[in-house]
Amino acid sequence: MSEVEIYAQLSNSMIATGLFAMVWAFLLWVAGRAATVTLENNGGILMKLAVTVFGFVGLYQFNLSGSFVSNNFQLAGHSLAVLKESGAELSARADAMIANTGASVDVPAFSLMPNWIGILLILSLGYLIIGRLWLGHDK
């Protein structure tokens, strides 16, 4: 695989990941609306449980899409490192990507654990959807 093909593959995977993330971001908004409607209408325990499950699934899938973003860059950096190891001459851009991703010829492991800013985002979304549902709202 050439350097250009690696960048094309990264671009294609980022497009697919972006579409996946947009769908789950919209569904998180739906979960937030469902929580608001449940609170406003004094929804019963079954409705709260349904919204909670939907919210947790949405949070998991949204985090998964964020994990794929990181993984896409790590895999592209890995592919470039393997290409460089094979003796191919790479551009300065490729060398910078290898350095920025910390890539090596070892295949990177996929991780669902976000970085600290991702953790803050997931926690805040979790509170806005699920925490508020069970703790109520201020009047």
Side-chain angles (χ1 to χ4, degrees):
M1 188 180 311
S2 71
E3 184 177 337
V4 172
E5 290 171 324
I6 292 168
Y7 290 131
Q9 186 178 25
L10 173 63
S11 178
N12 288 336
S13 61
M14 290 301 290
I15 290 169
T17 302
L19 291 172
F20 186 68
M22 287 188 326
V23 167
W24 284 106
F26 171 73
L27 289 175
L28 282 175
W29 176 81
V30 169
R33 279 297 299 145
T36 299
V37 169
T38 300
L39 279 172
E40 288 173 352
N41 296 319
N42 287 332
I45 190 77
L46 286 178
M47 186 62 182
K48 285 184 174 183
L49 288 172
V51 172
T52 299
V53 169
F54 186 72
F56 275 129
V57 170
L59 286 170
Y60 172 80
Q61 293 293 341
F62 190 71
N63 182 55
L64 180 66
S65 63
S67 298
F68 278 129
V69 169
S70 175
N71 195 340
N72 289 339
F73 282 104
Q74 289 174 353
L75 290 173
H78 161 73
S79 295
L80 289 169
V82 169
L83 186 62
K84 185 175 186 174
E85 184 77 17
S86 73
E89 184 145 343
L90 298 182
S91 66
R93 175 183 172 180
D95 287 332
M97 183 155 191
I98 292 169
N100 289 338
T101 59
S104 69
V105 294
D106 297 327
V107 178
F110 181 76
S111 173
L112 282 173
M113 188 64 181
N115 60 17
W116 67 271
I117 198 80
I119 290 171
L120 291 176
L121 176 64
I122 295 298
L123 289 175
S124 63
L125 287 171
Y127 174 75
L128 290 171
I129 296 167
I130 298 159
R132 192 171 54 99
L133 181 66
W134 290 99
L135 299 176
H137 56 71
D138 297 331
K139 292 190 178 194

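What's counted below: heavy atoms across the whole structure, side chains too, no hydrogens, waters or symmetry copies.
- Applying the side-chain contact (heavy atoms from CB on, under 4.5 Å) test between Leu59 and each of Leu28, Leu121, Leu123 identifies Leu28 as the sole match.
- Nearest heavy atom pair, residue Ser104 against residue His78, reads O-ND1, 3.0 Å.
- Atom CD1 of Ile45 has more than 12 neighbouring heavy atoms from other residues, nucleotides or ligands inside a 6.0 Å radius.
- Under the 4.5 Å side-chain heavy-atom criterion for Ile, Leu, Val, Met, Phe, Trp and Tyr, Ile129 and Leu64 are members of the same hydrophobic cluster.
- For the pair Gln9/Asn12, no side-chain contact is recorded, criterion being any heavy-atom separation below 4.5 Å from C-beta on.
- Both Val57 and Phe20 belong to a single network of hydrophobic side chains, linked directly or stepwise wherever heavy atoms of I, L, V, M, F, W or Y lie under 4.5 Å apart.
- Looking only at distances, a side-chain donor or acceptor of Arg132 sits under 3.5 Å from a matching main-chain atom of Leu128.
- Ser11 contributes no side-chain N or O that, together with a main-chain N or O of Tyr7, makes up a donor-acceptor pair within less than 3.5 Å.
- Residues Tyr60 and Ile130 fall within the same hydrophobic cluster, defined by Ile, Leu, Val, Met, Phe, Trp and Tyr side chains chained together at heavy-atom separations under 4.5 Å.
- Looking at Asn72, its side chain does come within 3.5 Å of a backbone N or O of Phe68 through a donor-acceptor pair.
- Residues Leu10 and Met97 are in side-chain contact: their nearest non-hydrogen atoms beyond the backbone lie under 4.5 Å apart.
- Cluster membership check: Phe26 shares its hydrophobic cluster with Phe54, using side-chain heavy-atom separations under 4.5 Å among Ile, Leu, Val, Met, Phe, Trp and Tyr.
- Although no hydrogens or angles enter the test, the distance criterion places no donor-acceptor pair under 3.5 Å between the side chain of Glu85 and the main chain of Val105.
- The two residues Gly77 and Ile98 have their closest heavy-atom pair at O-CG1, 3.9 Å.
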Legend entry - Worked check of side chain to side chain contact (heavy atoms under 4.5 Å, CB included) between Met1 and Leu83: CA-CA 8 Å; Met1 188 180 311; Leu83 186 62; 6.0 Å; no
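- In the hydrophobic clustering of ILVMFWY residues, with side-chain heavy atoms under 4.5 Å counting as a link, Trp24 and Met14 come out apart.
- Sparse packing is recorded around CZ of Phe56, with 12 or fewer heavy atoms of other residues, nucleotides or ligands lying under 6.0 Å away.
- Counting heavy atoms from C-beta outward, Leu80 and Thr101 have side chains that stay 4.5 Å or more apart.
- Within a 6.0 Å sphere centred on NZ of Lys48, other residues, nucleotides and ligands contribute more than 12 heavy atoms.
- Side-chain contact between Phe62 and Ser65 is present, with heavy atoms from C-beta onward closer than 4.5 Å.
- For the pair Phe73 and Asn100, the minimum side-chain heavy-atom distance is 4.5 Å or more.
- Rounding to the nearest 0.5 Å places CG of Leu46 at 6.5 Å from CG of Leu49.
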